[in-house]
There are 2 protein chains.
Amino acid sequence: MDNEARKLREYEQRLRDEGVRITRPRRAILQILSQAADHPDAMELFRRALAIDPTISLSTVYRTMKLLEDKGEIQRHAFAGGPARFEQAAGEHHDHLIDIDTGDVIEFHSERIEQLQDEIAHRLGYDIVHHRFELYGCRRKRK
Amino acid sequence: MDNEARKLREYEQRLRDEGVRITRPRRAILQILSQAADHPDAMELFRRALAIDPTISLSTVYRTMKLLEDKGEIQRHAFAGGPARFEQAAGEHHDHLIDIDTGDVIEFHSERIEQLQDEIAHRLGYDIVHHRFELYGCRRKRK
DNA sequence: ATGCAAATGCAAATCGTTTGCAACTGGAAA
DNA sequence: TTTCCAGTTGCAAACGATTTGCATTTGCAT
Ligand SMILES: [Mn+2]
Ligand SMILES: [Mn+2]
Ligand SMILES: [Zn+2]
Ligand SMILES: [Zn+2]
């Protein structure tokens, strides 16, 4: 079941069609992104990429993330404090809850809130282009 | 009606009671903050402060903002892209809509959304410590 | 295979913010 | 009031994340 591999090749082809050259560093990064289940930052992507392509540079990681962001392939998040973190734009929209003790990032979605956002913006005479909705909290202790 | 002046003196006293020395630079910054109707960043605060105390330094602006933040006197916002921006913590809680064309910051509040946040966090087993909720949009054109 | 624009690695630059340090000062105590 | 010293300052240098200039490679259309 190398569904993984096929999906990756499709991914690469989609970009090639958009005029993006598939280079060795980019191939490594795409592979990492399609496997990642978390929200790695540039340095973490760099570390993971080194394991695949030992000649890759941090600049290239940054340049590639900007490229992919422009192409709409990834999303960039700037959670409180830390450096930018990334994730594939594949799935549907969701927001994040960050565990301030562990740093864990939990995804959630509330259609209710998304609707309310539109209402609020509309009432103020605006059209929402994008939004940032992050909850910062800690595990509820006791019962 | 120098209500302004009285409020400022109260402000200073409150801090003094918390063990904060009221120095010349701090007095200038407090005055600026209590007058500001917008969300200035450190450099803008520095500019405004220079008009009151020509010897103030940018470092002191930064140090004072951190101090006031710790004392709960101001709120620090990190809107997309730009540098940190500040505002007095006086009023009640509100969130922001940023006009991506003009940079204007519009305040709003939705008790509904605040409640939903708690529900969501609770469902995920968390207690919210703070949150970030920003809408980015542009003025709705046409009718 | 060939050619060339696009992409790379490296080092240096940038931006917002923080910090070390020696000089200065608020305000409690005498 | 004067004294005193921990708290505060300005300055310059350090910082972390990200971007950029440049000379050198490389993907890939021909
Ligand atoms: Mn996510
Ligand atoms: Mn505000
Ligand atoms: Zn959302
Ligand atoms: Zn809110």
Side-chain angles (χ1 to χ4, degrees), chain A residues 9 11-32 39-47 49-50 52-71 73-86 103, chain B residues 9 11-32 39-71 73-86 103:
Chain A
R9 245 172 293 122
Y11 199 173
E12 292 179 6
Q13 194 51 51
R14 175 156 29 111
L15 285 170
R16 233 185 297 259
D17 293 344
E18 289 197 71
V20 174
R21 285 192 190 175
I22 301 305
T23 64
R24 197 146 68 100
R26 285 178 182 173
R27 189 169 281 118
I29 291 172
L30 292 179
Q31 183 187 147
I32 291 165
H39 300 75
D41 61 26
M43 186 54 73
E44 176 59 26
L45 285 171
F46 178 50
R47 265 183 244 112
L50 279 179
I52 301 176
D53 170 5
T55 75
I56 197 173
S57 78
L58 183 54
S59 315
T60 295
V61 171
Y62 276 111
R63 279 192 276 234
T64 301
M65 297 325 278
K66 175 134 53 197
L67 175 86
L68 294 179
E69 188 183 12
D70 291 346
K71 294 295 181 188
E73 293 292 334
I74 62 163
Q75 261 185 258
R76 171 191 304 260
H77 303 294
F79 298 138
R85 302 173 64 163
F86 310 88
Chain B
R9 245 172 295 124
Y11 199 172
E12 292 179 5
Q13 194 51 52
R14 175 156 29 111
L15 286 170
R16 232 186 298 258
D17 292 346
E18 290 198 69
V20 174
R21 282 194 193 172
I22 303 305
T23 64
R24 197 146 67 101
R26 285 178 183 173
R27 189 170 281 118
I29 291 173
L30 292 178
Q31 184 187 147
I32 290 165
H39 301 74
D41 62 26
M43 187 53 74
E44 175 61 24
L45 286 171
F46 178 50
R47 265 183 243 111
R48 298 185 194 178
L50 280 179
I52 301 176
D53 171 5
T55 75
I56 198 174
S57 77
L58 182 55
S59 315
T60 295
V61 172
Y62 277 112
R63 279 192 276 235
T64 301
M65 297 324 277
K66 176 134 52 195
L67 175 86
L68 295 178
E69 187 183 12
D70 290 346
K71 295 294 181 188
E73 293 292 334
I74 60 162
Q75 262 184 257
R76 172 192 304 260
H77 303 295
F79 297 139
R85 302 174 64 163
F86 309 89

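Each chain gets a letter, A, B and so on, in the order its sequence line appears, and its residues count up from 1.
You'll find the side chain of A/Gln75 stays beyond 4.5 Å of the side chain of A/Phe86, heavy atoms only. Using a 4.5 Å heavy-atom cutoff, the side chains of A/Leu50 and A/Thr55 are not in contact. Between B/Arg9 and B/Gln13 there is no side-chain heavy-atom pair separated by less than 4.5 Å. Annotation: side chain of B/Arg26 is not in contact with side chain of B/Thr60 (no heavy-atom distance under 4.5 Å).
Nearest nucleotide to the side chain of A/Pro83, out of C/dA11, D/dT18, C/dG27: D/dT18. Nearest to the side-chain atoms of A/Arg21 among the listed nucleotides D/dC11, C/dG9, D/dT26 stands D/dT26. Distances from the side chain of B/Pro25 to the nucleotides D/dT18, D/dG10, D/dC28 place D/dG10 closest. Nearest nucleotide to the B/Tyr62 side chain, out of C/dT17, D/dT8, D/dT20: C/dT17.
One atom, CG of B/Leu15, and another, C1' of D/dT8, lie 15 Å apart when rounded to the nearest Å. The interatomic distance linking B/Arg76 (CZ) with C/dG16 (C1') rounds to 11 Å, in whole Å. In this entry the distance linking CG of B/Leu50 with C1' of D/dC11 reads 15 Å, nearest Å. Following rounding to the nearest Å, B/Glu18 (CD) and D/dG7 (P) show an atom-to-atom distance of 16 Å. Taking atom CD1 of A/Ile22 as the reference point, atom C1' of C/dA5 lies 16 Å away to the nearest angstrom. Spacing between atom CZ of B/Phe46 and atom C1' of C/dC15 amounts to 16 Å, rounded to whole angstrom units. A straight line from CZ of A/Phe86 to P of D/dA17 spans 12 Å, rounded to a whole angstrom. In this structure, B/Leu67 atom CG and D/dT8 atom C1' are separated by 11 Å, rounded to whole Å.
One finds no salt bridge joining A/Arg14 and A/Glu18 here, because no Lys/Arg side-chain nitrogen approaches an Asp/Glu carboxylate oxygen to under 4.0 Å.
A close approach under 4.0 Å does not occur between any side-chain nitrogen or oxygen of A/Arg63 and OP1 or OP2 of D/dT19. Phosphate proximity of D/dT9 to B/Thr23: present, with a side-chain N or O under 4.0 Å from OP1 or OP2. For the pair A/Arg26 and C/dA7, the criterion of a side-chain N or O lying under 4.0 Å from OP1 or OP2 is met.
For the pair B/Arg16 and B/Leu58, nearest-nucleotide mapping onto DNA chain C gives the more 5' position to B/Leu58. In terms of position along DNA chain C, the nucleotide closest to A/Thr64 lies nearer the 5' end than the nucleotide closest to the other residue of the pair A/Thr64 and B/Asp41.
With a cut-off of 3.5 Å on both pairing distances, the Watson-Crick or G-U wobble partner of C/dT2 is D/dA29.
The base of C/dA11 sits within donor-acceptor range of the side chain of A/Ser59, with an N or O pair under 3.5 Å.
Residue A/Arg24 is out of contact with every strand shown, counting any heavy-atom pair closer than 4.0 Å.
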